[in-house]
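The shown structure was predicted, so the numbers you read here are calculated from the model rather than taken from an experiment.
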Amino acid sequence: MRSSTALANLFTLVASILSLSTASGQTPPRIGGRMTEPLEKYEMPPAALGTYRLDTSPRMIKPFGVFTSYQVNVDANGNNIVGDAANEPSIAVDPTDGNKITIGWRQFDTYTSNFRQSGYGYSTDAGVTWHFPGTLQPGVFRSDPVLDFDDTGNFFYLSLLVDTFCGDIWRSTNGGQSWTERSPNGGAHSGDKEWFTVDKTPTSMGHGFQYQFWTGFFACDFGEFSRSTDGGATWQSPINIPNDPDWGSLDVASNGYLFIGGNDEGSSFWCIRSTNAQNPGVTPTFDQVTTVNMGGSIVYGGAVNPGGLAGQTFLAVDRSGGSTNNNIYMVTSVQPFGAGNGTDVMFVRSTDGGVTFSAPHRINDDPINHNKWHYFGTIGVAPNGRIDSVWLDTRNAANNTDSQLFYSYSTDGGVTWAPNVAVSSSFTPLEGWPQQNKIGDYITVVSDNSGGDVAYSATFNFNPTRGQHEQDVYFVRVSPSGGQTPTPTATATPTATPTATVTPSSTPTASPTATPTATPRPTPTPRAQPTPRPHPTPGPRP
């Protein structure tokens, strides 16, 4: 853990510099030539005891066509908690029983404070009803929640301790109902904007291994990458990753190869491979670094999310065992080259183990309008190889900020994509801010053979005391069969040579390995929205 006074002073200086960046969309300063998002930092105390969960209203169930969004952050009676805030949701689904779902998020007990904790909720009926027992460690300042699962249905929760930039792993063996800390507080090393994945392929040498990377400049101790070979209990000493990638994610192919997708907080993106991270007897090395053209630049401070990102880089690997097995996919929301505003959801694919990637393809299919925002783009890959993509979208908003959740999918490895479908009502992302001027930095989706489970933040609930809508976490099920079945339009993207590629003398060939198929489960039946009832008189505020 960090103990150097000089280093602490450096972080204080950097945080002071970053505070000069306004919430108007002004680009933050660069350190070492790289853009930096304002640091997570301890700013305010938690809500005073006895002032939280006093005021409630009916939980929000929001139908939109054949899709229904269910509020996740509810009290013990299933009601909305008036006055709190929740964002940056990460979802995990039991691959052996799709009715068991858990979501973690940044929990603000009161919108008047920036103090946030590691909230979590669980569902046992495929996302229709939710239970929110509390936080991993009540009263402990945590952030950047990331969840994943193994092939047997264990859930894992990576959480960042804000005051030290150190992370730790928690595990649930009962579908997210309760959690046990696997590593000591901060024992997973980590750093700001950390992400991790679990090797889910039983035939892989690294089956069950956990891999994590983070922003190296703001790290717990040093490095950017670590590995756990014992389910998150212990973590190796961190090492560096070529090009110091940030703001991304990682996944494992069916042969155990690890792939990391990240960027330089600008227009440079990379896919980085390790073939030996699965070998517990060696320190992992990175043997292939491929520069990837995503068609634009990462945006921080955009009009829809002034204090945060318009999206990060998501990488996912196909483990279907079919013709698209071990394809590598990357998605991110970028500001197109030469455009002054707005972002598009851009997709690329590799069919040769990350040696080359296709030209970038725009998933959002509305007419090009650089005043529109298509942000928080993310993907999931189903066991049968279908790719699901969801994002927030302002195409239907006259003010170019009111947003809806949109969905598209591909059944041919990303060569063609189905016409976009709106799956939520419109909401404003510019209300409910808990002293942070943002609705988070990402949303997430987990795909199975019939559809995808999505966790996202929205502001459907109205707080009459504040006169604003509130940030809450929602679950929605998307699928190709939801509503009319779109007919994919041909948008083939020819394979293109990357800008710069460093490859080993011989590139190992991936060997297809079938992945267990998730147990089918029914899609939640849409409900009518609950009848509103009078709001209780608000209790005293801290």
Side-chain angles (χ1 to χ4, degrees), residues 197 248-254 257 259-263 269-271 273 290-296 311-334 336 343-366 374 376-391 393 406-421 443-452 454 478-480 485-498 501 510 512 515:
T197 193
S249 64
L250 60 178
D251 202 2
V252 182
S254 61
Y257 292 179
F259 293 89
I260 298 173
N263 59 81
F269 297 84
W270 303 285
C271 176
R273 185 185 70 182
T290 304
T291 298
V292 181
N293 174 18
M294 296 301 300
Q312 66 175 52
T313 303
F314 282 93
L315 179 149
V317 180
D318 182 308
R319 295 185 294 273
S320 63
S323 61
T324 56
N325 191 63
N326 286 337
N327 279 5
I328 304 164
Y329 308 121
M330 291 174 64
V331 158
T332 193
S333 294
V334 299
T343 50
D344 289 321
V345 180
M346 303 301 287
F347 167 87
V348 296
R349 63 193 179 100
S350 174
T351 60
D352 56 10
V355 176
T356 61
F357 278 81
S358 67
H361 169 66
R362 181 176 180 261
I363 295 180
N364 53 284
D365 59 5
D366 53 325
H374 313 85
F376 289 179
T378 187
I379 54 171
V381 181
N384 61 10
R386 189 194 70 257
I387 312 169
D388 294 317
S389 182
V390 291
W391 64 93
D393 195 306
F406 267 72
Y407 168 61
S408 184
Y409 67 92
S410 174
T411 57
D412 55 11
V415 176
T416 61
W417 286 84
N420 301 174
V421 176
I443 61 176
T444 49
V445 58
V446 172
S447 299
D448 58 44
N449 282 342
S450 60
V454 182
V478 298
S479 69
T485 303
T487 302
T489 53
T491 53
T493 50
T495 299
T497 303
T501 305
T515 301

Colleague: Have a look at D318 and tell me which of T324, N384, T351 forms a side-chain hydrogen bond (donor to acceptor under 3.5 Å, both in side chains) with it.
Modeller: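 One option only clears the test, and that one is T324.
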Colleague: Under 3.5 Å, is there a donor-acceptor pair between the side chain of D388 and the main chain of G380?
Modeller: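 Not at all, since once roles are kept as given, no pair shorter than 3.5 Å links the two residues.
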Colleague: Would you say S389 and F347 make side-chain contact, with heavy atoms under 4.5 Å?
Modeller: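 SC-SC contact between S389 and F347 ruled out.
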Colleague: For D365, enumerate each residue passing the salt bridge (charged side-chain N to carboxylate O under 4.0 Å, His left out) test, keeping only those at least two apart in sequence or located in another chain.
Modeller: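 For D365 the salt bridge (charged side-chain N to carboxylate O under 4.0 Å, His left out) partners, ignoring immediate neighbours, are R395.
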Colleague: I'd like to check V445 versus I379 (side-chain heavy atoms, cut-off strictly below 4.5 Å). Are they in contact?
Modeller: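 Counting from C-beta outward, V445 and I379 never come under 4.5 Å.
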Colleague: Are the side chain of S254 and the backbone N or O of R319 linked by a donor-acceptor pair below 3.5 Å?
Modeller: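 Answer holds: no.
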Colleague: Any side-chain heavy-atom pair from R386 and P480 closer than 4.5 angstrom?
Modeller: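 In short, these two side chains touch, coming nearer than 4.5 Å.
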Colleague: Checking the side chain of T290 only, and the main-chain atoms of T356 only, is there a donor and an acceptor separated by less than 3.5 Å?
Modeller: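 No.
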Colleague: Do any N or O atoms from the side chain of S249 and from the backbone of L315 form a donor-acceptor pair under 3.5 angstrom?
Modeller: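 Side chain of S249 to backbone of L315: a pair is present.
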Colleague: Looking at S447 and G452, would you say the former's side chain and the latter's main chain have a donor-acceptor pair under 3.5 Å?
Modeller: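 Looks like no, no N/O pair under 3.5 Å.
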Colleague: When rounded to the nearest 0.5 angstrom, what distance separates CD1 in I363 from CG in D393?
Modeller: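 These two atoms lie 12.0 Å from each other.
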Colleague: Compare all side-chain heavy atoms of N263 with those of Q312 and state whether any distance is below 4.5 angstrom.
Modeller: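 No, too far: nothing below the 4.5 Å cut-off.
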Colleague: Can you classify the ring geometry of W391 versus F406 as parallel (below 30°), tilted (30 to 60°) or perpendicular (above 60°)?
Modeller: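 Judged by the thresholds at 30° and 60°, the geometry between W391 and F406 is parallel.
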Colleague: From Y329 OH over to F259 CZ, what is the distance, rounded to the nearest 0.5 angstrom?
Modeller: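 Rounded to the nearest 0.5 Å, the OH-CZ separation comes to 12.5 Å.
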Colleague: With distance as the sole test, does N326 use its side chain to make a donor-acceptor pair with the main-chain N or O of A253 at under 3.5 Å?
Modeller: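 Here the side-chain-to-backbone pair does not exist.
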